Each structure stands twice: as C-alpha cells, then as structure tokens.
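Scroll down for the structure; my scribbles are underneath it.
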Amino acid sequence: MHGAKPLFYLLRRGSAPGSLDRALLAQAQAAGVEVRFNDRVTATSGNMILAGGPRRADIIAVGYVFDTAMPDGAWLAFGPELAPKGYAYLLVNEGRGTVASCIFTGFRDQAHYLAATVSYFERHAGLQMQNARGFGGFGNVRLPRTAMQGGNPVIGEHAGFQDALAGFGLRYAMRTGQLAAESLVRGTDYSRAWRQSLQPGLSAGVVNRFMFNRTGARGLDYLIGKLGANDTRSVLATAYRLSFTKRLVLPLARFRYREPLKDRSCDHVACDCVWCQHGLHDPSGV
Ligand SMILES: Cc1cc2nc3c(=O)[nH]c(=O)nc-3n(C[C@H](O)[C@H](O)[C@H](O)COP(=O)(O)OP(=O)(O)OC[C@H]3O[C@@H](n4cnc5c(N)ncnc54)[C@H](O)[C@@H]3O)c2cc1C
C-alpha cells in the first residue's frame with residue numbers, strides 16, 4: 001500500500017506514560033476534572049454522559065504485544081483461516097510490536113486464529129517476538145437511532161459508534177464526547193449534531209461491512225489489488241463516501257450487516273472466548 005499522506009497514526013493505549021489514555025487523563029485533570037478509579041457508576045442522574053464502552057461482543061481482537069529486534073513495518077492480512085470476516089495485522093515500531101487477529105465471527109476458535117496469525121507473519125514477514133504478552137478485547141457495532149438514553153447523551157462504543165467494517169472507534173468516541181459535552185454546556189441538540197457530522201461515514205461503514213461479509217477469496221484479491229494499485233488513502237476515502245449507490249443499498253445493509261456478528265459458535269464447552277454474546281461466562285453454561 002502507498003499514499004501521499006500517512007494512512008494511519010500509531011499510538012499506544014493503556015496506563016503507560018506516553019499513551020493516549022495517559023494524555024487524555026492529564027488533559028482532563030488539568031481542566032479540573034475529578035477522576036475516580038475503581039468506582040463503578042451504578043445509576044444515572046441528570047446531566048450525565050454515558051460512556052461505558054462496548055456492551056456486547058460483535059468483534060473480538062486477540063493478540064500479543066512484544067519486544068523485537070525486527071525492522072519497523074505494518075502488515076495486514078485477510079483470510080478466513082486467520083480472521084473470519086475480519087483481518088489480522090502486525091505493527092512494529094522502534095523495537096515494540098503488536099500482532100493480532102480481529103475476528104468478526106467464530107469467536108470460540110480465537111486461540112486457533114491467533115496461532116495461525118502468528119505463524120503466518122513468522123513465515124511472510126519474519127515476525128520475531130521477545131517477551132510476548134497476550135491481550136484480548138472486544139467491541140460492539142451498532143448504528144444508533146438517537147444515541148440518547150433516559151435523556152442522557154450516549155457516546156462512543158456505549159452507543160455503538162464504531163466503523164462497522166474495521167471496528168475502529170477511537171475518533172468516534174472522542175468526537176461524540178465533544179458533541180455531547182457541547183450539548184450540555186451550550187444546549188445544542190446532540191442527536192442532530194452527531195447525525196449531521198458522523199452519520200454519513202457510519203452509514204457507509206455499514207454498507208462496506210455488508211459487502212465485505214459477502215466477499216469471497218476472489219473478491220478479496222480484487223480489493224487488495226485495488227488498494228495497492230492506487231493511493232490507498234484516496235481509495236478508502238471514496239469507499240467511505242455515502243454515494244447514491246450506497247444510499248440505495250443502505251436499508252438492506254442496515255438490516256443484514258450484523259448477521260455474521262451474531263456468533264453462535266460458543267457453547268461454553270472448553271471455551272476460551274474473551275467474551276461473547278452469551279454475556280459474562282458462566283461455566284455452568286447458562
Ligand atoms: C484490541 C483492540 C484494538 C483496537 N484498535 C483500534 C484502532 O486501531 N483504531 C480505532 O479507532 N479503534 C480501535 N479499537 C476500538 C477502540 O479502542 C474503541 O472504539 C474506543 O476505545 C471506544 O472508546 P469508548 O470511550 O467509547 O469506550 P472504552 O475505551 O471501552 O472506555 C469505556 C470505559 O468506561 C468504563 N466503564 C464501563 N462501565 C462503567 C461504569 N458503570 N462506571 C464507570 N466506568 C465504567 C470502562 O472500564 C472503560 O474504561 C480497538 C479495540 C480493541 C479492543
């Protein structure tokens with residue numbers, strides 16, 4: 001892949017110094033916000049913004065972060081043997097790396113897909129891991145109608161704001177957070193604001209996901225060829241434009257795009273899911 005401008009930015013998550021989360025915490029505290037850790041909110045009251053993150057697992061990401069001597073690079077791989085309906089990636093930057101399989105269905109076999117992903121990148125990209133630490137996470141995708149609950153604005157993944165094709169929600173979380181705050185401070189209409197600025201891209205993502213779900217091996221080859229032959233950023237920008245054709249497909253896509261995400265593969269028998277639609281795991285299998 002190539003392009004005139006950066007295709008993405010690498011950032012670190014978590015509690016380590018230099019991470020996005022640390023930077024946001026520092027900004028909030030500098031602005032006078034009181035932050036309480038390990039203090040779960042159990043009831044809503046007036047003037048609240050609901051920001052509790054994903055409520056269910058439509059997407060699961062499993063992987064490792066590690067130290068490495070291998071050169072910097074970014075690799076992306078598609079295929080049902082690595083990440084069903086999703087993608088696998090390897091990112092290396094200045095001696096630190098992350099490798100993961102993002103699966104959109106078949107959650108029960110996540111350990112198998114992760115092992116296949118590691119082996120694939122070892123063969124094709126020279127992956128070398130030292131001090132590998134495993135991680136897992138989940139996300140949910142939903143195109144909300146209002147993103148209001150009990151009169152309170154709901155932001156980020158709690159509302160389902162996430163790109164339905166790739167499962168990216170960082171920008172959506174920050175953008176909806178800003179719009180929700182403005183609605184409380186300035187009295188603007190939150191639902192109208194996010195619909196105006198974010199709904200077209202979210203809707204295009206839903207159509208993209210609907211189409212990707214139906215893409216077989218040949219279709220994937222075509223897409224990869226297209227991404228590589230042109231400025232990748234421009235190809236993706238076009239893909240996220242809510243064109244006339246996409247508008248036509250949207251009602252059907254909206255109805256059907258989540259079908260493969262309703263994963264029924266987990267029966268709790270010898271299961272090592274990160275989390276799944278059955279909710280918190282109960283070994284009794286209820
Ligand atoms: C492995 C992985 C890789 C990802 N990679 C990317 C990427 O490359 N690009 C991208 O854009 N997105 C990515 N995402 C998605 C992105 O992380 C999320 O979309 C984004 O973090 C959502 O932000 P949020 O604030 O809505 O929710 P979260 O980041 O989930 O934050 C919600 C917070 O609320 C807390 N909380 C929940 N309930 C309560 C309660 N009752 N009281 C108090 N606190 C509560 C939770 O503990 C959590 O800290 C990735 C996700 C995963 C799992």
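For clarity, every value in this text was computed on a predicted model and none was experimentally measured. Counting starts at 1 for both ligands and their atoms, in listed order.
- Ligand 1 lies less than 4.0 angstrom from a heavy atom belonging to F135.
- Ligand 1 lies less than 4.0 angstrom from a heavy atom belonging to A51.
- The presence of a protein heavy atom under 4.0 Å from atom 40 (C) of ligand 1 is confirmed.
- Counting protein heavy atoms only, atom 25 (O) of ligand 1 is closest to A173 CB, 4.1 Å.
- The nearest heavy-atom contact from the protein to atom 2 (C) of ligand 1 is A61 CB, 4.1 Å.
- Between the side chain of N213 and the backbone N or O of K85, no donor-acceptor pair lies under 3.5 Å.
- With salt bridges taken as basic N to acidic carboxylate O contacts below 4.0 Å, none links R96 and E94.
- Under a cutoff of 6.0 Å and an axis angle of 45°, R13 and F135 do not form a cation-pi pair.
- The protein atom (non-hydrogen) at minimum distance from atom 29 (O) of ligand 1 is R13 NH2, 4.0 Å.
- The shortest non-hydrogen separation linking L227 to T232 is O-OG1, 2.9 Å.
- Within 6.0 Å of CG on N131 lie more than 12 heavy atoms contributed by other residues, nucleotides or ligands.
- Every residue meeting the side-chain contact (heavy atoms from CB on, under 4.5 Å) condition with S183, not counting sequence neighbours, appears here in chain and number order: P153, T188, Y190.
- Within a 4.0 Å radius of atom 47 (O) of ligand 1, the protein has no heavy atom.
- Atom 5 (N) of ligand 1 lies below 4.0 Å from none of the non-hydrogen atoms of the protein.
- Contact annotation for atom 50 (C) of ligand 1: protein absent (non-hydrogen atoms, distance under 4.0 Å).
- Protein non-hydrogen atoms do reach within 4.0 Å of atom 18 (C) of ligand 1.
- Ring orientation note: the planes of F104 and Y87 are tilted relative to one another, at an angle of 30° to 60°.
- In this structure, the side chains of F161 and L202 come closer than 4.5 Å at one or more pairs of heavy atoms.
- Within 4.0 Å of atom 9 (N) of ligand 1, at least one protein heavy atom is present.
- Less than 4.0 angstrom separates atom 12 (N) of ligand 1 from at least one non-hydrogen atom of the protein.
- Inclusion of E157 in the set of residues having an N or O under 3.5 Å from an N or O of ligand 1 is warranted.
- Looking at G53, A100, A159, it is G53 that brings a heavy atom closest to atom 31 (O) of ligand 1.
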